Amino acid sequence: MKRLSFIIAALLLLFSCSAYYTEGDYFFIQSGGADMPVWVKGNTSSTTAIIYLHGGPGDGCIHFSLVPQFFIEDDYMVVYWDQRHAGQSQGNPDINASKMDNFVADTDLVIEAVKLRHPNLTRIFLLGNSWGTAVGAAYLVHGDDYAGRQAKIAGFISTFGTCDYTLSYRHAAPRITAYADVQIASGIDTAYWDECKSFYMNTPSLKDAADLREHTGYVIRSGGYSVDESAAPSPDIHILAFALASPVALFPLLLTNGANDTSEDFIGWLVTDDSLDAELARLTVPLLVVSGRKDLMAGWQAGLSLYLGTGDIDTSVSSYETGTEWTDGDRTFMILEDTAHGSFGSSEDITAYQAGIQNFIAGYE
Amino acid sequence: MKKSLCTVVILMVLSFSAGAEKVFMETGYIGETFTHPGGSVSVGIPVVTVKGGTVAAGLQIGAYIHPRNHVGFFALSYGEFIRPERRSFGFSLRLLGGYYHTWPDGPLYTNDGTGGAMETPNTGRPHLGIGLDAGWRFPGLSAGPFIPIIRIAVLGEYPYNGYLLPHLAVGLGFTGTFGHGKTAE
């Protein structure tokens with residue numbers, strides 16, 4: 001009995017000493033009924049901060065940040081923030097009442113709180129991945145006070161993102177249909193791919209969460225989400241520490257990852273609203289857009305839209321069918337040829353991906 | 001806030017058990033996901049003896065901390081079915097319901113009204129708490145009236161982003177029966 005008690009006490013003591021409980025700076029922001037965690041990590045003495053805007057919506061990033069380690073942490077302060085309804089975010093805001101204005105206000109509060117706690121900061125970059133691109137772009141161009149918000153930001157990096165799901169869908173549908181034709185011709189899972197073709201034939205645009213779920217399934221099966229899982233860096237998560245001795249609780253992750261199932265109104269708004277397109281021309285901060293040529297979820301055409309500052313890209317697309325990098329003043333557009341919908345710090349073209357981001361940040365020092 | 005809640009619950013527990021001939025008391029470590037440390041105390045009284053055991057009712061209060069995530073406090077009433085010891089252990093099952101309060105574990109910032117951020121008092125959020133808890137007593141390892149007990153529980157916190165959020169918890173403690181009535185076990 002005494003020995004067992006000693007072992008249990010020793011185990012608990014060991015877990016309580018986890019580095020995840022002391023590393024960096026950890027705090028919360030409270031906004032609109034949500035208590036959202038913010039973890040400032042990496043080179044916290046740097047005067048440059050990169051605020052990571054995660055994808056999803058609902059994916060979170062605090063748990064991703066346990067993967068050692070996001071490549072820019074060596075050089076810069078990196079700020080991980082779990083948005084409302086996502087990851088380790090607490091509270092009880094109504095997801096179906098959330099709109100882009102809420103995410104813009106939350107982003108601004110993260111920036112202000114980070115500045116308050118780290119007064120030596122001189123430059124703040126936003127790095128928006130996937131859905132995070134829409135959050136970052138909205139922060140910089142949406143509403144009346146966009147100029148004041150842009151003044152706080154040294155640069156905006158978009159990776160595999162879209163500001164307009166209707167545009168992304170419109171460009172993905174014919175490519176997935178063509179992929180389905182090849183599968184059917186090869187006799188592979190013909191019933192599934194027939195159903196896929198029927199979906200795209202009968203769904204000229206996404207209408208709701210059910211459409212998005214079905215479309216996402218076809219994107220994944222046709223390789224438009226991740227071309228080659230094995231090419232991505234292997235996450236070296238210390239699984240015991242992750243589950244038992246980190247700020248991460250597992251059940252919220254499972255629930256919020258399934259948020260699409262209960263957030264019909266929110267997703268319905270997300271997949272049909274293209275109003276941000278009209279505001280993209282307001283963007284004046286240095287911009288790096290990184291897209292995957294094989295991405296069928298966000299699509300490189302969505303990256304082009306952000307780069308050109310307009311949703312009206314149909315006449316421009318053909319000029320970008322070949323090539324990998326374009327620059328116009330403070331704007332750079334990269335297309336990674338072998339990458340689909342890359343994710344947190346990962347891409348099939350990992351060297352070009354990392355170099356592109358590092359060079360962009362260093363270029364504005 | 002935390003102190004007043006504790007005081008109210010302790011007074012409730014004391015008044016609840018004051019008139020009973022026999023009282024079940026239990027205290028020990030409670031670990032949310034085992035490693036997020038805390039403690040709990042429960043007090044119960046037998047309500048009725050049924051075939052195979054005793055049905056008891058009581059109150060349980062407890063608190064724990066999941067560092068950098070949240071601090072949880074709960075005050076739950078429960079109904080418990082207690083089976084007597086057979087061979088070397090006894091089993092019990094609790095259904096719990098009551099109050100659950102959580103605080104984000106860290107400084108909390110909000111908009112200061114002028115576009116900046118300011119630290120704000122962390123008053124936490126109230127929730128409905130429900131739970132299911134299985135316990136195993138080991139009388140062979142008892143020390144005086146105190147019998148070691150291991151509990152595995154699922155506590156639910158509602159609402160949490162619109163969901164009922166489950167928390168797994170493990171309890172390690174001692175239970176004892178006090179008073180002059182016939183023992184439940």
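All figures in this text were calculated on a predicted structure; none of them were measured in a lab.
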**Q.** Top contributor to chain B contacts, counting heavy-atom pairs under 4.5 Å, from A/Leu250, A/Asp35, A/Val38
**A.** A/Asp35
Q) Looking only at atom types and distance, does a side-chain atom of B/His66 sit under 3.5 Å from a main-chain N or O of A/Ala245, one as donor and one as acceptor? A) no
**Q.** Which portion of B/Phe138 sits near chain A, non-hydrogen atoms under 4.5 angstrom
**A.** neither
Q) Within a strict 4.5 Å, meaning less than it, do heavy atoms of the A/Ser31 and B/Thr110 side chains meet? A) no
Q.
Quick check on B/His36 against chain A: is it the side chain, the backbone, both or neither that has a heavy atom closer than 4.5 Å?
A. side chain
Q.
What I'd like to find out is whether the side chain of B/Arg125 reaches to under 4.5 Å of the side chain of A/Gln90, using heavy atoms alone.
A. no
Q) Judged by atom type as modelled, is there a donor-acceptor pair below 3.5 Å linking the side chain of B/Thr33 to the main-chain atoms of A/Leu244? A) no
Q) Relative to chain A, which segment of B/Leu172 carries a heavy atom at a distance below 4.5 Å: side chain, backbone, both, or neither? A) side chain
Q. Where the side chain of A/Asn92 meets the backbone of B/Gly162, is there a donor-acceptor pair that is under 3.5 Å apart?
A. yes
Q) For chain B, which residues from residues 103-118 of chain A have at least one heavy atom closer than 4.5 Å to it? A) A/Asp108, A/Leu109, A/Glu112, A/Ala113, A/Leu116, A/Arg117
Q: Give the minimum heavy-atom separation between B/Tyr160 and A/Gly87, together with the two atoms involved.
A: OH-O, 4.5 Å
Q. Using a cut-off of under 4.5 Å for heavy-atom pairs, which of A/Ala34, A/Gly33, A/Pro93 has the most such pairs with chain B?
A. A/Gly33
Q: Flag yes if more than 12 heavy atoms outside B/Phe91 fall under 6.0 Å of its CZ atom; otherwise flag no.
A: yes
Q) Side chain, backbone, both or neither: which part of B/Ile65 has an atom under 4.5 Å from a heavy atom of chain A? A) neither
**Q.** Residue part contacting chain A, namely of B/Asp105, when any heavy atom lies under 4.5 Å
**A.** backbone
Q: Answer with side chain, backbone, both or neither: which region of B/Thr120 has an atom nearer than 4.5 Å to a non-hydrogen atom of chain A?
A: side chain
Q.
Keeping B/Asn69 on the side-chain end and A/Gln88 on the backbone end, is there a donor-acceptor pair under 3.5 Å?
A. no
Q: Over all heavy atoms of both residues, which pair between A/Tyr26 and B/Arg68 is shortest? Give the atoms and the distance, please.
A: CE2-O, 3.0 Å
(Q) Under a 4.5 Å cutoff for heavy-atom pairs, which residue among B/Pro104, B/Gly31, B/Gly106, B/Pro37 has the most contacts with chain A? (A) B/Pro104
